[in-house]
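First up is the structure itself, then whatever we jot down about it.
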Amino acid sequence: MIAFLIKRLMHAILVMFVISVLAFAIQDNLGDPVQQMVGQSVPESERAALRDRLGLNDPFLVQYARFAKNAVQGDFGYSYFYREPALEVIARHLPATLELVFAATLIIVLLSVPIGVYSAIKPRSPFSRFFMGASIIGISIPVFLTAIVLIQIFSIGMTVTLFPEGTAWGAWLNSALSTQGNMPSFGRGYDLVHVMGHWDTNLATWDGLKHLVLPAVSLASIMLPLFIRLIRAEMMEVLQSEYVKYARAKGISMRRVYFVHALKNTMLPVITVGGVQIGTMVAYTILTETVFQWPGMGLMFLDAINRADIPLIVTYLMIVGVIFVVTNTIVDLIYGFVNPTVKLTGKPA
Amino acid sequence: MTLKKTLLASVIGATVAGTAMLPLAASAETLRIGYSADPETLDLHEQLSGGVLRFSHLAFDPLVRWTKDFQFEPRLATEWEQVDDTHMRMTLREGVTFHSGNEFTADDVVWTIERLKESPDYRAIFEPIASVEAVDDYTVEITTTEPYPLLLNLATYIFPMDSEFYTGETDDGNDKAEIVKAGNTFASRNVSGTGPFIVTDRRQGVRVDFERFEDYWDTDSEGNVSRIVLTPIAENASRVAALLSGGVDFIDAVPPNDLDRVRDAQGSNLVEIPGTRIIGFQLNEERVEAFQDPRVRQAVDLAINQEGIADRLMRGFATPAGQFSPEGYSGYNPDLVPRYDLERAQELMAEAGYEDGFSVEMIAPNNRYVNDAQIAQAVANMLSRININVNLRTMPLAQYWPEYDTRASDIAMIGWHSDTEDSANFFQYLSFCINEETGAGQYNYGNYCNEEIDALVTEADSETDLEKRNEMLREAEAMLYEDVGFVMLHWQNLAYAAADGVDIEPVVNATDFPYLGDLVINR
């Protein structure tokens, strides 16, 4: 166990190193940060002086060596825009993103497991067919479109006049399809509860939860169809296996067969995929957070790219690399608990 | 919360109705703003940007400010007098206090101007001011190096700062007055101005909170906003949605595609104003020999249908331009209008010997100006009709300017707003012969050079008889029009939108800095 964690720590360091080299190598293509920091009429001599002060004129290796030396001591440089240490900026934006990912994950787990299991058990029911069809559509709709549609329906509101207003059924359909729309469409709201450090939570107040709903739903919408289909496919396969047949032959109740014996084995691959996907979800927050102006890491990163805020970009990429390593490590640990036959260090027990 | 607010509002409503004409300032209103950007810093002199200038008008007051029709309105300066060609005396307002409680005097103005002359972003603009001194507590005398007619234009950028507050050392031994770009300075985090609003909280990139300054000097102002919450919402669609869903009361930069939607929506109002930012193209004469021929430049100008672009591509959200100066500017010349004429353009190309045309490369940003990439595409198509084949490359802002600075393409798009709200500025940056030493023609991508125009504009810039000066600038515009030193497209409009009852129309203007201290909310 300890050996495994140390190995993973080495992985994390290697990943950070590689990412930092790559990020540094492409920084010239990210644009000129100085351009964003001065007015348009500022003479070239002033710009050159600023570039010099920021050390942007030094050769690649000199810049990298300086960065690496400081980074080893935990100093990742100053963000040009926030005028604060980059790590501090990220720490301030991290809780918002984590809460969003947490809420989305919760939605995915609570919906995908029952729907997936149900449509595996009763593949021919209309309910299952509906969800299989919907999940195909769900997979193909880009997240920003989902987000915009959600905002239109639930924040702005929609008046439907598609059906003849004169008839009773038309009026009823119209009013049934129209929405009032008063869900918050941007930001985290003003009713946050301070937990600790940089962490203010949305989860403790009604207003905070309301702000969380739309972003979480649109973030979940990317992964949800995938998980429903995955769970369904795995479950159907497990239901064909010998041990399930044997359990049924033994006369164990179907309920117990489905939810204790079959589901356990279904979840094994789901956990592996899920862990990786949660890492991916951190990346997807960039789009979701931008549409909903959710002040998390994704929005911060996109702004940093637009401003060519290089120290912040490099640090963000490294942190995301670490997040991937950490989630994978946790997945492996959970996997070990769920399936004790798997040995983490690869050695026989 | 909402219930409480409604209750409060109705109580106030009843009181107002009961006492007939109670001053509006008595009611308390919160304004939730969704701007496309928040101020980069709280130090006014660290960066010359729209965000910081908008902030300046909230927490500070300028000496004078622009009215809607480009006249000067007295603010902290009440009177001004040109003593002789190089001296101006300004009388300052008495009884004004800073947020810190310090009293505003002439020393603060002197201190502020001296700091402006140290600021990397403002130094060049304040070059003409040689010195400034306090005559008495409420009079300053400004001396310019030569006769300079735009001193009042500069005064719109002088937002007196609290010299006592910004003097001294911080706990960690730094000068409180120092200006460091992207540095964590005292002035970038602490504010004491004379303006209508005090900054109460700020989380950069997330929100800024303001509360009305109780001792604000302008008691005649009918403005009744007691609290401001500013949230930056960069994404166009999200900003519009935030307004339409009632999440914010006031937004800037409504994108052209959403204009109709916002106009038609219940509960919101759209205010459109002709802007002053000229959008156009520069032809690189250094790389393309043909562009050195004035006939080819004219042909390019004639081949572009400015009206069509403003009308269809911009959906009326732009004013077609034939010159740098928008209406209201000193050099605006009503005779110079767009002159789309494809046949004449083809003839000119033939006369110049380029009947068969040639191929060029064009660069344009894709996230800087309204519909920039689409405009560039349209212009490229129009030029193909005079057989100029354009290979267009568009790129995001962060990459565009470094690319622009290399001058390695044949046609480049640019938008320019005159920092002084005056015509001469356009010429000096965009069409003057390039001079590395003086910085003239810093954004003259095409290396265009017409010494006659330069001489005329330079002469105008030391002419203090404004009538005469305007005449010279109009002449310069006409010469540039004839010679096509810059391919004009349009002035991009400004569009704001606000919820019902938030009366933004009187407080917004073409400079794009709303005077929210005077905003009246009457829900």
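Letters go in sequence order (proteins before strands), and every chain restarts at 1.
No donor-acceptor pair closer than 3.5 Å links the side chain of B/K181 to the backbone N or O of A/L50. Side chain of B/Y443 to backbone of A/Q40: a donor-acceptor contact under 3.5 angstrom is found. Looking only at distances, no side-chain donor or acceptor of A/D32 sits under 3.5 Å from a matching main-chain atom of B/P402. Panel note: side chain B/Q47, backbone A/Q36; a donor-acceptor pair is recorded below 3.5 Å. When atom types are taken as modelled, the side chain of A/E84 and the backbone of B/N184 share no donor-acceptor pair closer than 3.5 angstrom.
Listed by first then second residue, pairs satisfying salt bridge (charged side-chain N to carboxylate O under 4.0 Å, His left out) with a partner in residues 199-221 of chain A read A/D200-B/R203, not counting sequence neighbours.
There is no contact between A/P184 and chain B, counting heavy-atom distances below 4.5 Å. Both the backbone and the side chain of A/N306 have a heavy atom closer than 4.5 Å to some heavy atom of chain B. With a 4.5 angstrom heavy-atom cutoff, B/N425 does not touch chain A via any of its atoms. Both the backbone and the side chain of A/Y190 come within less than 4.5 Å of a heavy atom of chain B. Proximity to chain A (any heavy atom under 4.5 Å) is restricted, for B/V229, to the side chain, taken from C-beta onward. With a 4.5 Å cut-off on non-hydrogen atoms, A/L30 touches chain B through its backbone but not through its side chain. Of the atoms belonging to A/Y82, heavy atoms from both backbone and side chain fall under 4.5 Å from chain B. For B/L243, no part lies under 4.5 angstrom from a heavy atom of chain A. There is no contact between A/R188 and chain B, counting heavy-atom distances below 4.5 Å. Using a 4.5 Å cut-off between heavy atoms, B/A124 touches chain A through its side chain atoms alone. Contact of A/I305 with chain B is made through the backbone alone, with heavy-atom distances under 4.5 Å. In this structure, chain A has heavy atoms under 4.5 Å from both the backbone and the side chain of B/D121.
The environment of CH2 in B/W401 is crowded: more than 12 heavy-atom neighbours from other residues, nucleotides or ligands sit within 6.0 Å. For CZ of A/F102, the number of neighbouring non-hydrogen atoms (other residues, nucleotides, ligands) closer than 6.0 Å is 12 at most. Heavy-atom contacts from other residues, nucleotides or ligands closer than 6.0 Å to CD of B/E436 number 12 or fewer.
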Next on the checklist: Does A/R92 form a side-chain contact (heavy atoms from CB on, under 4.5 Å) with B/V206? I'd like the steps, not just the answer.
Outcome noted: CA-CA 11 Å; A/R92 208 143 30 79; B/V206 180; 5.8 Å; no

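Of the listed residues A/V89, A/D303, A/V42, the one with more heavy-atom pairs under 4.5 angstrom with chain B than any other is A/V42. Most heavy-atom pairs under 4.5 Å with chain B: of the set A/P43, A/P33, A/G189, this distinction falls to A/P43. When the candidates B/G247, B/G439, B/P120 are compared by the number of heavy-atom contacts under 4.5 Å with chain A, B/P120 comes out ahead. Ranked by heavy-atom pairs under 4.5 Å with chain B, the list A/G157, A/A49, A/P295, A/S41 is led by A/S41. In terms of heavy-atom pairs under 4.5 angstrom with chain A, the leader among B/A265, B/S188, B/G183 is B/G183. No other option in B/R189, B/Q399, B/M395 has as many heavy-atom pairs under 4.5 Å with chain A as B/Q399.
Atoms OG and CD, from A/S79 and B/Q204 in turn, are 7.5 Å apart once rounded to the nearest 0.5 Å. Atom CZ of A/R83 sits about 9.0 Å away from atom CG of B/D43, to the nearest 0.5 Å.
Using non-hydrogen atoms only and a strict 4.5 Å limit, the part of residues 143-153 of chain A facing chain B consists of A/I148, A/I151, A/Q152. Contacts between residues 230-240 of chain B and chain A, defined by a heavy-atom separation under 4.5 Å, are made by B/T231, B/P232, B/I233, B/A234, B/E235, B/A237, B/S238.
Nearest heavy atoms, B/S245 versus A/S155: CB-O, 3.3 Å.
Qualifying side chain to side chain donor-acceptor pair (under 3.5 Å) partners for B/S49, counting only residues two or more places apart in sequence or in other chains: B/E40.
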